[in-house]
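Structure first, then comments.
The model shown is predicted, which means the values in this text are computed figures rather than measured ones. In what follows, chains are A, B, ... by sequence order, proteins preceding strands, each numbered from 1. Any value given below was found using the heavy atoms of this structure, including those in side chains, with hydrogens, waters and symmetry copies removed.
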Amino acid sequence: MQPDALIPRKFFDRPATEVGPELLGCVLSHRTADGVVAVRITEVEAYLGQSDPASHAYRGPTARTEVMFGRPGHVYVYFTYGMHYCVNLVCQPEGTASAVLLRAGRVLAGEELARARRPSSRQDLDLASGPARLCQALAIGRAQNGTDACAGTSALQVRSSQRSYDEKICQGPRVGISSAAEEPWRYWIEGDRTVSPYRAHVPRRREARGK
DNA sequence: ATTAGGATCTTCT
DNA sequence: GAAGATCCTAATG
């Protein structure tokens, strides 16, 4: 693949565990009325759909997960914890759900815009260091769900890798999930300071009832 | 540096 | 009705 070229759709026509590590170093950009913000992807997680208990698609298609069952190379955005969005890139052919969650990136372009969108970031490294932070920095939300990341006409696009050969890829368990917690389907670029810290799943303390 | 709690609402059981 | 692919702030060692 040529550097800076749009990634061809067939790149995504494989399980997320194959696509995920290869997305490291690729560039995600989003053009809005305010300008463009682009990040170099430094951390991802693979979700394998109906064979993966941690995947939103585990129990089959629903209104929320229908795009995961759709065409590869499209964007699956979900809303979580009552306030955050996270982005995935859909993998495998239509009918099979599989997706790569984009967990962190390093801002390459549009830093000023990204900072304005993320006033709570203390340093530039934090701007897209976490799946919801990345969405905030790039202004990704409901409107981007189902859009095509492989089309030249799209506002949100992924372009090919410029990863150098001396950067090593690491692999380990996924962050913040309760089922299939041991599967090593999180991938990141070794030593990159934008990679989000690992956190094991903590069940939220239930509201005290009765009394 | 690490930890604990709160915010907030959609989704599926 | 409960949990959740998270983040932020404040408090503590």
Side-chain angles (χ1 to χ4, degrees), chain A residues 15-17 19-21 23-24 28 39 41-69 74-92 97-105 107 114-146 149 170-188 193-211:
Chain A
T17 42
V19 173
L23 278 173
L24 295 173
L28 181 75
V39 296
I41 298 166
T42 57
E43 179 192 357
V44 300
E45 282 175 1
Y47 286 86
L48 293 189
Q50 297 194 269
S51 60
D52 179 3
S55 172
H56 292 162
Y58 183 54
R59 293 168 198 277
T62 63
R64 177 221 219 175
T65 62
E66 74 177 312
V67 349
M68 272 183 92
F69 287 85
H74 286 238
V75 172
Y76 166 52
V77 179
Y78 67 90
F79 181 65
T80 191
Y81 288 102
M83 62 192 82
H84 296 305
Y85 293 97
C86 298
V87 223
N88 294 248
L89 293 172
V90 174
C91 300
Q92 302 209 241
S98 184
V100 175
L101 169 68
L102 306 183
R103 287 198 56 88
V107 176
R115 266 196 294 267
R117 289 167 176 167
R118 298 210 73 248
S120 56
S121 275
R122 308 181 69 101
Q123 13 169 11
D124 289 351
L125 292 175
D126 295 338
L127 287 171
S129 176
R133 291 171 170 186
L134 187 150
C135 283
Q136 283 176 218
L138 299 209
I140 294 170
R142 274 188 204 299
Q144 281 63 240
N145 189 39
C170 297
Q171 177 170 190
R174 295 173 291 183
V175 172
I177 56 172
S178 52
S179 33
E182 340 69 33
E183 300 290 359
W185 294 338
R186 175 181 185 236
Y187 306 92
W188 65 94
R193 313 251 318 284
T194 64
V195 172
S196 69
Y198 176 78
R199 301 187 204 302
H201 176 75
V202 257
R204 266 201 324 183
R205 197 186 54 118
R206 241 182 359 196
E207 289 301 321
R209 289 170 308 167
K211 186 155 29 138

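Here the closest non-hydrogen pair linking Val67(A) and Val90(A) is O-CG2, 3.6 Å. Contact between Val75(A) and Ala149(A) at its shortest, heavy atoms only, is CG2-CB, 4.0 Å. When all heavy atoms are compared, the tightest approach of Leu24(A) to Glu43(A) is CD2-N, 3.6 Å.
Remark: the Tyr81(A) side chain and the dA7(B) base include no donor-acceptor N/O pair separated by less than 3.5 Å.
Taking the side chain of Ser120(A) as heavy atoms from C-beta on, and the options dT9(C), dT6(C), dG4(C), the nearest nucleotide is dT9(C). The nucleotide whose nearest atom lies closest to any side-chain atom of Asn88(A) is, among dC7(C), dA5(C), dA7(B), dA5(C).
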Polar atom pairs (N or O), protein with nucleotides 10-13 of chain B, under 3.5 Å:
unit_1  : atom_1 : unit_2   : atom_2 : d
dC12(B) : OP1    : Thr62(A) : OG1    : 2.4

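Residue Leu101(A) contributes atom CG, which lies 8 Å from atom P of dT6(C) at whole-angstrom precision. Rounded to whole angstrom, the span from the CZ atom of Arg199(A) across to the C1' atom of dC7(C) amounts to 8 Å. Atom CE in Met83(A) sits roughly 11 Å away from atom P in dC7(C) (whole-Å rounding). Rounded to whole angstrom, the span from the CG atom of Leu89(A) across to the C1' atom of dA5(C) amounts to 14 Å. Here dT9(C) presents its C1' atom at 14 Å from CG of Asp126(A), a figure rounded to the nearest Å. Here dA5(C) presents its C1' atom at 15 Å from CZ of Arg133(A), a figure rounded to the nearest Å. Rounded to whole Å, the distance from CD on Gln136(A) to C1' on dC7(C) is 8 Å. Rounding to whole angstrom units, CE of residue Met68(A) and C1' of dA5(C) are separated by 10 Å.
Counting only heavy atoms from C-beta outward, the side chains of Arg142(A) and Val77(A) never approach each other to under 4.5 Å. You'll find the side chain of Gln92(A) reaches within 4.5 Å of the side chain of Pro15(A), heavy atoms only.
Ring centroids of Phe79(A) and His84(A) are separated by 6.0 Å or more, keeping the two rings apart.
Between Arg186(A) and dA5(C) there is no side-chain N or O to OP1 or OP2 distance below 4.0 Å. Residue Thr80(A) places no side-chain N or O under 4.0 Å from the OP1 or OP2 atom of dT6(C). Phosphate proximity of dG4(C) to His201(A): present, with a side-chain N or O under 4.0 Å from OP1 or OP2. Dashed line: the shortest gap from a side-chain N or O of Arg118(A) to OP1 or OP2 of dC7(C) is not under 4.0 Å.
Within the nucleic acid shown, Ala132(A) comes within 4.0 Å of sugar-phosphate atoms alone, with no base atom in reach, counting heavy atoms only. Using a 4.0 Å heavy-atom criterion, one finds that Ile177(A) contacts the sugar-phosphate atoms exclusively.
Side chains of Ser55(A) and Gln50(A): a donor-acceptor N/O pair is absent below 3.5 angstrom, by distance only. The closest side-chain donor-acceptor pair between Thr194(A) and Thr42(A) falls under 3.5 angstrom.
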Item to check | Canonical and wobble pairing (Watson-Crick, G-U, under 3.5 Å) of DNA chain B, dot-bracket with | | outcome: |||||||.||||.
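With Arg174(A) as reference, Trp185(A) is the one residue of Tyr198(A), Trp185(A), Tyr187(A) to meet the side-chain contact (heavy atoms from CB on, under 4.5 Å) rule.
Between Arg115(A) and Asp124(A) there is a salt bridge, since a side-chain N of the basic residue sits under 4.0 Å from a carboxylate O of the acidic one.
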